[in-house]
Amino acid sequence: MSTLFDLPPDQGSHADLTGDLNPAQRAAVEHAGVPLLVVAGAGSGKTRVLTRRIAYLLAARSAHPGQIMAITFTNKAAAEMRERVGELVGRRSGAMWVSTFHSMCVRVLRREAKTLEMSSNFSIYDADDARRLLTLVARDLDLDSKRYQPRALAAHISNLKNELIDSESAGSHATNDFERRAAEVYVEYQRRLSQANAMDFDDLIMRTVELFQVFPDVAEYYRRRFRHVLVDEYQDTNHAQYTLVRELVGREPTESGVEPAELCVVGDADQSIYAFRGATIRNIEEFERDFPDARTILLEQNYRSTQTILSAANAVISRNPNRRDKRLWTSEGDGEKVVGYVADNEHDEAAFVAGEIDELVDQGVAKYSDVAVFYRTNNQSRVFEEIFIRLGLPYRVVGGVRFYERKEVRDALAYLRVLANPDDTVSLRRILNVPKRGIGDRAEACVATHAERERISFVSALRDAVADKVPMLNPRSRKAITAFVELLDGLYELVDSGVEVADILEAVLDRTGYRAELDASDDPQDASRLENLDELVTVAREFTESAAEAAALAPEPDADEEPDGGVPEPGSLPAFLERVSLVADADSIPESDGGDADDDEEADDAGVVTLMTVHTAKGLEYPVVFGTGWEDGVFPHLRALGEPKELAEERRLAYVAITRARERLYVSRALVRTQWGQPAANPASRFLDEIPAELIDWRREAPSSGGGGSPRAATTWGGRPGTGSDSAQSRIASGGMRTTGFKGAGNDWKDTVALKLDAGDRVNHDKYGLGTVVSTDGSGPRATATIDFGTAGTVRLMLIGSVPMVKL
DNA sequence: CACCCCTGTATTTTT
DNA sequence: TACAGGGGTG
């Protein structure tokens, strides 16, 4: 396939790049010069504009790929952009920097580590590591762990860093007792980070800003190099990221005459849903003030949804105060009405959703992969999982406890991090006694005190312990520590011998006894932990392989591309660690668009239904969307009800939820919902009332208020006469699910058969107990078994993912 | 030092 | 309901 870039650059128009765009899109692609803000409503072709713009810069404006920096928030977005630009311009896209804010900063910081007088192999601490370190610090400062919870301290310090307030000046910004003590914690926290040769996520941004501000020549180097800076999801930038962009681009020519780079930011204030993480909508709202000569282009034409869906979205979002008006429209027609449903409780709601999906698939209206179910908080996924399992609907939950946040995965990675950076004290202390090897709190404290007193690193203190130079340490602990140090030394030798990452990992799991311990356990959760570790080994294996492949077919390094000093060797242990620290596993979201080439297997019921929070859904789209739990106190969340600002953010969240839908949108709520064990009656979400009544077709409404009071117990499937068997099935399902306790329904369904069963097999299920397999059906991801659990009933279960059941 | 039981607590979470 | 962290005991 020939790429558009092969077109002769100066033959008049570049119609291939702009011909199929609407006028606003084309203007955004062709704009040159002053800073550009593209206000891109949901589904308005934002990624298209960005990628075309990059291709256009190369083709029509003779930019060099090496001059382009495109910044996103997620690796997934970065990968997608790189791929789509690659389709347009070919291999030359390799010379561009297309990355997330964080990995871009890591790349810069590793290159410039010397300037900042630090080592380029620094560890990257995520939220969990940061909290661990804060726990240690707070304990050392004798702070009351109730009043000064690591969580709260972490949040506060993170906010300070997002505002570019460093530890020295934090004290003067403190307005109350908590903040004053937190400022002290901050100082010590930074000291310990630097001692551990580590940075947290916020440091990556802040230190890069600092680098640019303190060393103008460094800033100038990057400005000279990157003449075009593009930022995606600009509404989600925080103050530090905004400043970073500004420093990168520059406001006026440098002394040696480097002009500011050309800036293009794309975003949608209405989709700003990360204020709680420090994102400030101000950045997009005030863009024209920050860059006075800026131009703004609005993209309002939507290519995703029906007009009905857009009208619902417009109606809801327009209730937000102080908002720049923007109305999405489509030329594609009204489509179906929004379907509403008022359920008696969350089980009924889930039954409705499941029944509806079943029917849509039966009728050939949609396939499973066309459908997404959204909820406000992760714990709401459970009722859906329960009923989907019972009905045999294939599904997958995205989010929740993510792969790299699982304890066993983090333990394993902590070993690798210690191997890559022995000063990484947080990781070292994490694994010190994992698996249990007789080094308890007492011994750890002795070593820590010794390290502190002698001003040496924790590893050195451990070695002192081996040499019996640590006071107060009992011989038993000393012996345990000696064994541990020897274990580490063995692993260091392995690393030095240049063995590949996966093999190091295997050695860690074997030599520490970690795997053996899990193997020996009969806890079913430990079995899934083992699987996760195997998965991690596979990830490492593939990492090395793909690095080798990339090296094999790498193009000649660009002439004006300097080698990246300090950047880890591809495929190496540090490179692997960098990858896993800066990657979330959002890539696991299944493709939903039926238009793609490799989709022609079973047409009707292919794929799986996707379940996720609304936050996770941002940026995705599905033909059929179920928005669930639309109740005041749930969505909008209870904690937002009294706060206008938070309520506005919840409304944006509702807007995001609605605009994910292409053809069909369902909204539902439950009259009563069990939260934290207690049933609570919640009123309808105010957002439901904000959708114009004529757009909604209510399948079932609330019992007329006034008398009555208590909600009816029986579910009446209003408006759907003649589908009695369907509702009966659903009623059984919801009725039988009252007692919960289903555990281990993992979040990462792998489409593998976890259990091979045949009729007659005996099984033990976590919830239903002992049973006999009556029959089996289907294969692969859709394998199910009908099992007689005696008094617990006969149930059809899916066999994919982590089935909470063992074969006897 | 390890284990067990108790209690308190409970959004969303791109990196 | 579920989990993590604290405190007590073996």
Side-chain angles (χ1 to χ4, degrees), chain A residues 71-78 99-106 124-131 135 139 145-146 149-151 154-155 158 162 199-205 232-233 235-238 240-241 271-279 374-380 382-383 399-402 404-405 407 433 435-445 474 476-477 480 578-587 589 612-620 629 633-641 646 649-650 652-653 656-657 674-679 739-744:
Chain A
I71 311 175
T72 63
F73 275 87
T74 67
N75 292 292
K76 190 168 174 253
S99 65
T100 64
F101 271 103
H102 295 267
S103 50
M104 177 270 243
C105 288
V106 169
I124 298 164
Y125 280 5
D126 69 7
D128 186 78
D129 301 313
R131 228 174 304 144
T135 308
R139 200 176 291 158
S145 63
K146 285 245 156 44
Q149 293 164 347
R151 243 178 96 93
S158 175
N162 289 163
M199 290 199 218
D200 65 23
F201 280 149
D202 302 314
D203 284 335
L204 297 176
I205 313 288
D232 192 15
E233 305 280 17
Q235 78 282 353
D236 288 333
T237 51
N238 61 36
Q241 288 157 339
Q271 294 185 65
S272 164
I273 56 174
Y274 284 102
F276 69 94
R277 291 268 285 101
F374 298 159
Y375 33 77
R376 176 66 238 268
T377 61
N378 281 122
N379 60 15
Q380 292 170 253
R382 208 157 105 188
V383 280
V401 184
R402 290 189 299 275
Y404 289 110
E405 283 168 14
K407 179 187 173 300
N433 200 31
K436 298 252 176 299
R437 52 172 71 90
I439 309 174
D441 294 347
R442 181 71 210 266
E444 185 184 342
N474 71 45
R476 208 192 172 93
S477 305
E578 180 168 319
R579 162 74 144 271
V580 299
S581 349
L582 292 177
V583 141
D585 54 350
D587 306 277
I589 298 169
M612 65 187 125
T613 65
V614 182
H615 280 91
T616 308
K618 197 180 86 165
L620 305 175
V634 175
F635 188 23
H637 194 272
L638 188 64
R639 299 202 18 189
L641 289 183
E646 293 197 39
E649 176 142 321
E650 296 282 317
R652 292 192 290 269
L653 203 49
V656 167
T674 306
Q675 285 171 303
W676 307 318
Q678 291 293 311
T739 53
T740 47
F742 182 85
K743 56 178 177 180

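Residue numbers start from 1 in every chain, and the chains themselves are labelled A, B, ... in the order their sequence lines are given, proteins ahead of strands. No experiment lies behind these values; they were computed from the predicted model shown.
- Here B:dT7 presents its C1' atom at 17 Å from CH2 of A:Trp676, a figure rounded to the nearest Å.
- The distance from atom CG of A:Asn378 to atom P of C:dA2 is 15 Å, rounded to the nearest whole Å.
- The side chain of A:Arg382 lies closest to C:dA2 when the candidates are B:dA2, B:dT12, C:dA2.
- What separates CZ of A:Arg151 from P of B:dT9 is a distance of 13 Å, to the nearest Å.
- Closest approach to the A:Thr377 side chain among B:dC1, B:dT11, B:dT13 is made by B:dT11 (side chain taken as heavy atoms from C-beta onward).
- Residue A:Asp202 contributes atom CG, which lies 18 Å from atom P of B:dT13 at whole-angstrom precision.
- With B:dT13, B:dA2, B:dC1 as the choices, the nucleotide that has an atom nearest any side-chain atom of A:Thr616 turns out to be B:dT13.
- Across all strands shown, A:Asp236 has heavy atoms under 4.0 Å from base atoms, whether or not it also approaches the sugar-phosphate.
- When rounded to the nearest whole Å, the span between OH of A:Tyr375 and P of B:dT12 equals 11 Å.
- Counting non-hydrogen atoms under 4.0 angstrom, A:Phe101 reaches nothing in the nucleic acid.
- When the nucleotides B:dT11, B:dT13, B:dA2 are ranked by their closest atom to the side chain of A:His615, B:dT13 comes out on top.
- Across all strands shown, A:Ser477 has heavy atoms under 4.0 Å from sugar-phosphate atoms exclusively, and none from any base.
- Proximity of A:Asn474 to the phosphate of B:dC1: no side-chain N or O atom is located under 4.0 Å from OP1 or OP2.
- Contacts of A:Glu646 with the nucleic acid, taken as non-hydrogen atoms under 4.0 Å apart, include base atoms.
- In this model, the phosphate group of B:dA2 is approached by a side-chain N or O of A:Asn433 to a distance below 4.0 Å at OP1 or OP2.
- Using a 4.0 Å heavy-atom distance criterion, A:Glu650 is classed as a base contact.
- Within 90° of 0 lies the glycosidic angle of B:dT11, which makes this nucleotide syn.
- Counting any heavy atom pair closer than 4.0 Å across all strands shown, A:Ile439 reaches sugar-phosphate atoms only and no base atom.
- Between the side chain of A:Arg376 and the base of B:dT11 there is no donor-acceptor pair of N/O atoms closer than 3.5 Å.
- At C:dG5, none of the side-chain N or O atoms of A:Ser145 fall inside 4.0 Å of OP1 or OP2 (strictly under the cut-off).
- When rounded to the nearest whole Å, the span between CZ of A:Arg437 and C1' of B:dA2 equals 15 Å.
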